[in-house]
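Notes follow the structure.
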Amino acid sequence: MKFKSYSNSTFKNTDYYHRLPKKEQEVFDILSTVFHFKVNNHVLDNLIDWKNIPNDPIYKLVFPRKEMLPLVDYEKLKRLFKIGLDTKTRIQFVQQVKNKMYPEVKHSSTSFPKENGTIIQGAYRNFPTVLNLFPNPMVKTCHAYCSYCFRWVAFDNNEAQKKTGYTDPNAPIAYLKKHPEITDVLFTGADPLVLNAEGIKRFIDPVLELESVKVIRLNTKSLAWWPYRFTTDKNADDILNLFRHIISKGKHLSFCSHFTHARELENDVVKEAIKRIKSTGAVIRCQGPMIAGINDRPEDLTAMWNAQVSLGLVPYYLFVEANHNSESCFRIPLSKTLEIFQEAQKNATGIARTVRGPVFMNDLNRVLLDGTVNINNEKYFVLKSLQSPPETGNEAKIKLIPYDKDTKDIKNLFSIFDEITT
């Protein structure tokens, strides 16, 4: 299959658009003026059940839905469309709506590595042994966009890309040499695998020469969104040879694949892609968030984890959808999230117990929602810090927060472990 990509505007010229119910066409017309949209022919042809629109989980995973906007804003946009205002007339209100939806991503100043007092652009260090790297070409795009993803702020935004990425492959090397305790280097973005093999190799090669670096990680959604990247694309053999090259340097290659639903693992091409990746010696680990209306039933998670195990993959993390956006239509109350996770894990193969979850992520802590406990007739959520910067002293610490069956977040992870309850 040849890769065909569709944007907000070009999708409306396809047969797929005209297969949508009229109400869904209206939703798409309105929300595509606010949110970035990208899909490809593999997702459209092989992953979406067109007989189940708008309830199909993969459809919800890619296409914007009106719950993503405050109802008052959606209704006003709808009125502007109905009275036939042109794009130039609508743009002011659309921009106001976009500004409301701009994700609030908190950063810790201590997580920005510095060399000679200057911040190393495109590098981020939230945990002692891991350095996250964002080479500029890797922050630009993905093979398709997930509707809940907060990183849309960098798509088609050259200024944001310049501020978050780096272009000189040697930019982080001096810092890595001075910090031999960093054993894992994680290449992420948007998606590193949108680059060709030579483009990726250019940034990885300098890191491979460092003896202190033992693990190369690639975070990617490509295996789900475009598995042909590893099978029939003209660069497929080159990317697999790059994986072999990394391993030949004595490094462990962790191919961290983002999966959200079992259907992404059911087609023949993804199964072939998995075989080819595994043949290089790379280990495929799987992670993704629990998303309301997409994979928030125990049977959804059980099916996904069992499929991953049957294909030789390692279930790794199940995340809680972050509170980066003002809307919360993707998020689920913690109490329900925990119940779903525990029931799904109970019903899955025992080998799937490798998955950790539900897990929150921010720049200072990776926190596990480990269960609930009753103390003096009061119920609490039990939180455990899985990883944190060394200066916080939080790693492995336990924190109890009052149980609330309706809450969807655990407030500020920056300070929640400042006072430890044991």
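- A salt bridge links Lys346 to Glu343: one of the charged nitrogens lies within less than 4.0 Å of a carboxylate oxygen.
- Counting heavy-atom neighbours within 6.0 Å of Asp15 CG, excluding the residue itself, gives a total of 12 or less.
- Counting non-hydrogen atoms of other residues, nucleotides and ligands closer than 6.0 Å to NZ of Lys249 gives a total of 12 or fewer.
- Checked by atom type and distance alone, the side chain of Trp50 pairs as donor or acceptor with a backbone atom of Leu44 at under 3.5 Å.
- Of the possible donor and acceptor atoms, one in the side chain of Arg229 sits under 3.5 Å from a partner among the backbone N and O of Leu193.
- A salt bridge links Lys201 and Asp205; the closest N-O separation between the charged side-chain nitrogens and carboxylate oxygens is under 4.0 Å.
- Applying the 6.0 Å contact sphere to CD1 of Ile119 captures more than 12 heavy atoms from other residues, nucleotides or ligands.
- For Lys66, the NZ atom counts as loosely surrounded, since its 6.0 Å shell holds 12 or fewer non-hydrogen atoms of other residues, nucleotides or ligands.
- Qualifying side-chain contact (heavy atoms from CB on, under 4.5 Å) partners for Lys12, counting only residues two or more places apart in sequence or in other chains: Tyr17, Phe28, Asp29.
- Here the side chain of Arg285 pairs no donor or acceptor atom with the backbone of Val314 at under 3.5 angstrom.
- Looking at Glu67 and Lys60, no side-chain N of the basic residue comes within less than 4.0 Å of a carboxylate O on the acidic one, giving no salt bridge.
- Ring centroids of Tyr124 and Phe112 are separated by less than 6.0 Å, placing the two rings close together.
- Applying the 6.0 Å contact sphere to CD of Gln92 captures no more than 12 heavy atoms from other residues, nucleotides or ligands.
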Checklist entry - Run the salt bridge (Lys or Arg N to Asp or Glu O under 4.0 Å) check on Lys271 and Glu266 step by step: do they pass? => result CA-CA 8 Å; Lys271 294 177 182 178; Glu266 292 172 353; over 6 Å; no

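- Without hydrogens or angle criteria, Arg263 side chain to Leu47 main chain gives a donor-acceptor distance under 3.5 Å.
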